[in-house]
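All values below come from the heavy atoms of this structure, side chains included, with hydrogens, waters and symmetry mates left out. First listed ligand is number 1; within each ligand, the first listed atom is number 1. Predicted model only: the values in this text are computed from it and were never measured.
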Amino acid sequence: MESQKQFKRRFSFEFFPPKTDQGKEKLQGVRNRLAEVDPDFFSVTFGAGGSTRDRTIETVLNLHNQGISTAPHLSCVGGTRDTIAELLDIYKESGVNRIVALRGDMPSGMGAAGELRYANELVEFIREHSGDTFNLEVAAYPEFHPQARNAEEDLRNFERKVKAGANSAITQYFFNADSYFYFIDRLEKMGITIPVVPGIMPIVNFSSLVRFSDMCGAEIPRWIRKQLESYGDDSDSIKKFGEEVVTRMCERLLAAGAPGLHFYTLNQADASLKIWNNLGLANRDKISF
Ligand code: FAD
């Protein structure tokens, strides 16, 4: 973990772009509550194949213009160099300075893969088109990407993104801190020393967590799954247990030198803020973790 300790810690919250007026209003309330803790940035997801393009732009610019730096996610699957360049120009003109660059996943039955096949090609294209305008974040997978042929290749593919010009990475969520520590060790042995910020998924709903984790290849350890299962419909107990488990994991990550945390908020403030407060992050400049 030595490589990670040199970086200034940064804390961020991720949103998805709301579809309805009601969703927009709700996000505004969530944004206001999270803005109070002064995060380093917000980020906004981008639907596969460009399905949320306009909503992502609108949400990013709205949040960015309210004073907290906001990073759009941008996935290349289903896009062309021209459509991606257009997006980059819009963001550049609006003063956006950070992008989360991804391949994305094509929804089944939806058109061709696009001109850029993998995230390393997207990073390369963004650098070609926009130079150093953007700080580029890429995705990292401590438990490995579900489509990776094997662990070694996945690491090599991560290295390609770094060589193409990524500045830092945010991980897929995990509930096993050792997978992150081991991932960082492997990167260090390969000479890769960019900040790799753990992505944190607060636990609020068991069935959606299971569905989502199965899809993205994040493992819910058996002891957590069994405990959550035993609570049935008792959502207060699920949230309380989830809060404890995730807080403890974050404590371990930060104590070991993780360069910050990125919260997958799912457009809800409570769960992330509880973990935030448990960790004492209000005084993050003063405490040593
Ligand atoms: P890549 O880095 O391209 O990797 C994809 C797979 O291809 C891996 O198995 C890798 O090993 C392999 N691979 C990579 N390069 C090569 C190569 N050159 N040759 C052969 N194989 C290769 N999805 C969305 O749709 N919208 C979002 O907003 C979004 N935000 C995300 C944010 C974070 C922090 C994370 C971790 C994930 C996010 N995702 C999002 C999910 C992501 O799009 C999927 O996990 C997707 O399947 C892979 O994207 P990637 O950028 O990691 O792809």
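Where the criterion is an N or O separation shorter than 3.5 Å, residue side chain and backbone included, Phe46 meets it with respect to ligand 1. For Ala119, a nitrogen or oxygen atom sits less than 3.5 Å from a nitrogen or oxygen atom of ligand 1, counting backbone and side chain alike. The N/O atoms of His145, backbone and side chain alike, include one that comes under 3.5 Å of an N/O atom in ligand 1. Polar contact with ligand 1: present for Ala148 (N/O pair, distance under 3.5 Å). At a 3.5 angstrom cut-off on N or O pairs, Ala140 does not count as close to ligand 1. In terms of polar-atom proximity, defined here as any N/O pair under 3.5 Å, Gln172 makes no such contact with ligand 1. Considering both main-chain and side-chain atoms, Glu153 never comes within under 3.5 Å of ligand 1 through any nitrogen or oxygen pair. Inclusion of Asp154 in the set of residues having an N or O under 3.5 Å from an N or O of ligand 1 is warranted.
Which of Ala139, Ala151, Gly199 comes nearest to atom 35 (C) of ligand 1 through a heavy atom is settled by distance: it is Ala139. Closest heavy-atom approach to atom 50 (P) of ligand 1 among the candidates Gln147, Arg103, Glu14: Arg103.
Within a 6.0 Å radius of CG in Asp233, other residues, nucleotides and ligands contribute 12 heavy atoms or fewer. For Lys240, the NZ atom sits in a loose shell: 12 or fewer heavy atoms of surrounding residues, nucleotides or ligands are nearer than 6.0 Å. Within a 6.0 Å radius of CD in Glu128, more than 12 heavy atoms belonging to other residues, nucleotides or ligands are found. Within a 6.0 Å sphere centred on CD of Gln6, other residues, nucleotides and ligands contribute more than 12 heavy atoms.
The aromatic ring centroids of Phe42 and Phe15 lie less than 6.0 Å from each other. Aromatic rings of Phe183 and Phe158 (six-membered ring for Trp) have centroids within the 6.0 Å cut-off, being under it.
Taking the six-membered ring where tryptophan is involved, the planes of His129 and Phe125 are essentially parallel, since the angle between them stays under 30° and well short of 60°.
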Side chain to side chain contact (heavy atoms under 4.5 Å, CB included) between Lys239 and Lys274, worked out: CA-CA 10 Å; Lys239 286 180 189 162; Lys274 280 186 180 150; 5.8 Å; no

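When hydrogens are left out, the protein atom nearest atom 38 (C) of ligand 1 is Leu102 CD2, 3.7 Å; that is the closest non-hydrogen contact. Counting protein heavy atoms only, atom 43 (O) of ligand 1 is closest to Gly104 CA, 3.0 Å. The protein non-hydrogen atom at the shortest distance from atom 34 (C) of ligand 1 is Tyr264 OH, 3.3 Å. Residue, atom and distance of the protein heavy atom nearest to atom 45 (O) of ligand 1 are Tyr141 OH, 2.6 Å. Counting protein heavy atoms only, atom 22 (C) of ligand 1 is closest to Asn157 ND2, 3.2 Å. For atom 2 (O) of ligand 1, the closest non-hydrogen atom of the protein is Lys161 NZ, 2.7 Å. Distance from atom 7 (O) of ligand 1 to its nearest protein heavy atom, with residue and atom name: Tyr118 CE2, 3.4 Å.
Per-residue contacts place Asp105 under 4.0 angstrom from the following atoms of ligand 1 (heavy atoms of the residue considered): 44 (C), 46 (C), 47 (O). Applying the 4.0 Å criterion to heavy atoms of His73 picks out, from ligand 1, the atoms 27 (C), 28 (O), 29 (C), 30 (N), 31 (C), 32 (C). Here is the list of ligand 1 atoms found below 4.0 Å of a heavy atom in Thr45: 28 (O).
With a heavy-atom cut-off of 4.0 Å, Asn120 touches ligand 1 through its side chain alone. Neither the backbone nor the side chain of Glu121 comes within contact range of ligand 1; no heavy atom lies under 4.0 Å. Residue-level proximity to ligand 1 for Phe16 is absent, since no heavy atom of it falls below 4.0 angstrom. By the criterion of a heavy-atom distance under 4.0 Å, the side chain of Arg160, and not its backbone, is placed next to ligand 1.
Among pairs with a residue in residues 206-223, those fulfilling side-chain hydrogen bond (donor to acceptor under 3.5 Å, both in side chains) read Tyr173-Ser213, Asn205-Ser207, Asn205-Ser208, at least two apart in sequence or across chains.
Under a 3.5 Å cut-off, the side chain of Asn62 and the backbone N or O of Glu58 do not form any donor-acceptor pair. Counting only distance, with no hydrogens or angles, the side chain of Thr265 and the backbone of Glu14 share a donor-acceptor pair below 3.5 Å.
Cation-pi contact between Arg98 and Phe134: absent, since separation from the ring centre below 6.0 Å together with deviation from the ring axis within 45° is not met.
Taking 4.0 Å as the cut-off between side-chain N and carboxylate O, Glu251 and Arg248 do not count as a salt-bridged pair.
Cluster annotation: Val197 and Phe175 are assigned to distinct hydrophobic clusters (Ile/Leu/Val/Met/Phe/Trp/Tyr, side-chain heavy-atom contacts under 4.5 Å, transitive).
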